[in-house]
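Computed from a predicted structure; not experimentally measured. Throughout, protein chains are lettered first and strands after them, A, B, ... in sequence-line order, and every chain is numbered starting at 1.
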Amino acid sequence: MPELPEVETTRRGIEPHVVGQPIQHVHVRQPMLRWPVTDGLAQALTGKVIRRVIRRAKYLLFETYDGRMMVHLGMSGSLRVLPREVAPEAHDHLDIVFANGTLLRYRDPRRFGSVFWLPGEESHVLLASLGPEPLDDGFDGEHLYRLAHRRKTAVKTFIMTNEIVVGVGNIYANEALFDAGISPVRQAGRISRDRYDALATAIKDVLSRAILAGGTTLRDFVREDGQPGYFRHDLRVYGRGGEDCVRCNTPLREVRVGQRSTVYCATCQR
DNA sequence: AGTTTAACCTGGGTGC
DNA sequence: TGCACCCAGGTTAAAC
């Protein structure tokens with residue numbers, strides 16, 4: 001699923017519903033996710049109050065006054081807010097029921113997501129080596145240009161690497177490279193500083209616009225209220241292989257880069 | 001150290 | 001209809 005805009009859309013949607021209410025009950029139906037949900041999670045959460053929900057990369061962190069829950073939505077995960085009486089369906093792996101009857105429900109058909117409990121002030125090794133947030137001021141063309149030095153990997157793979165910058169998945173990597181006019185297969189170390197400025201700007205722009213549209217729904221992703229995101233209508237290359245480029249009408253080329261489907265305009269993107 | 005590859009899992013679509 | 005095969009918003013660990 002879920003790249004940064006979808007995770008941020010989820011965060012904004014659920015936070016007002018889950019903050020301040022004591023957790024009454026936690027039900028883990030399927031602990032076998034990307035990593036097993038630990039036995040202690042339900043007990044640790046019960047009785048606690050969520051203070052706020054923050055996002056780091058594609059992780060959601062539900063902060064209590066003593067510890068926090070860390071959730072990743074993987075490829076097909078979603079979190080919805082429902083009344084507690086709604087019966088679970090297939091792939092509804094985790095329920096958190098609050099004292100006021102609100103239910104936070106985690107669904108993930110492919111089970112590539114994960115849920116951890118981090119006690120006290122503990123962090124997690126998966127958060128340790130993440131790069132900057134793309135929407136922060138600390139992320140810019142200079143950052144990309146510096147880290148790309150002498151790298152031979154394709155620039156698309158480069159910007160999808162979490163140690164370089166977080167939150168850029170396959171859809172938005174394709175889109176940002178189109179917007180910046182850069183070929184996805186160009187070696188990362190062979191791009192000028194000016195063009196990295198344009199790429200950083202394009203990444204910020206496409207992610208920001210996608211958040212405003214509530215993210216992109218291809219199949220599984222839904223917002224906290226079950227509604228899809230609408231950025232799909234704004235995609236200019238992703239999913240459009242063989243169709244005409246919106247800028248120059250040349251048929252868009254579709255190739256594989258780093259095992260991921262990649263669409264670009266060989267005329268507009270160099 | 002940088003880069004590539006296989007693996008985790010289910011479901012939907014396609015072609016025979 | 002059925003079956004085999006390919007594809008999908010991610011990420012890690014292991015192999016080159």
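- The gap from the P atom of dG11(B) to that of dT11(C) amounts to 22 Å, rounded to the nearest Å.
- Here His27(A) pairs with nothing under the ring pair (Phe, Tyr, Trp, His ring centres under 6.0 Å) rule; sequence neighbours left out.
- Residue-level contact check: Arg219(A) touches the bases, meaning some heavy atom is under 4.0 Å from a base atom.
- Residue-level contact check: Tyr238(A) touches the backbone only, with heavy atoms under 4.0 Å from sugar-phosphate atoms and none from bases.
- Ranking dT11(C), dA8(C), dG10(C) by closeness to the Arg110(A) side chain, first place goes to dA8(C).
- When heavy atoms are screened at a 4.0 angstrom cut-off, Arg151(A) is found touching the sugar-phosphate backbone but no base atom.
- Nearest-nucleotide positions on DNA chain B place Thr157(A) closer to the 5' end than the other of Arg34(A) and Thr157(A).
- In this structure, Asp108(A) reaches neither bases nor backbone, as no heavy-atom distance under 4.0 Å exists between it and the strands shown.
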Contacts under 3.5 angstrom, residues 135-142 of chain A side chains, donor-acceptor by atom type, not counting sequence neighbours:
from	atom 1	to	atom 2	distance (Å)
Asp140(A)	OD1	Glu142(A)	N	3.3
Asp140(A)	OD1	His143(A)	N	2.9

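- The residue among Gly258(A) and Met32(A) whose nearest nucleotide of DNA chain B is located toward the 5' end is Gly258(A).
- Contact annotation for Ser261(A): backbone-only contact, meaning every heavy-atom pair under 4.0 Å involves sugar-phosphate atoms and none involves a base.
- Arg232(A) comes within 4.0 angstrom of no nucleic acid atom, judged by non-hydrogen atoms across all strands.
- Using a 4.0 Å heavy-atom cutoff across all strands shown, Thr216(A) reaches at least one base atom of the nucleic acid.
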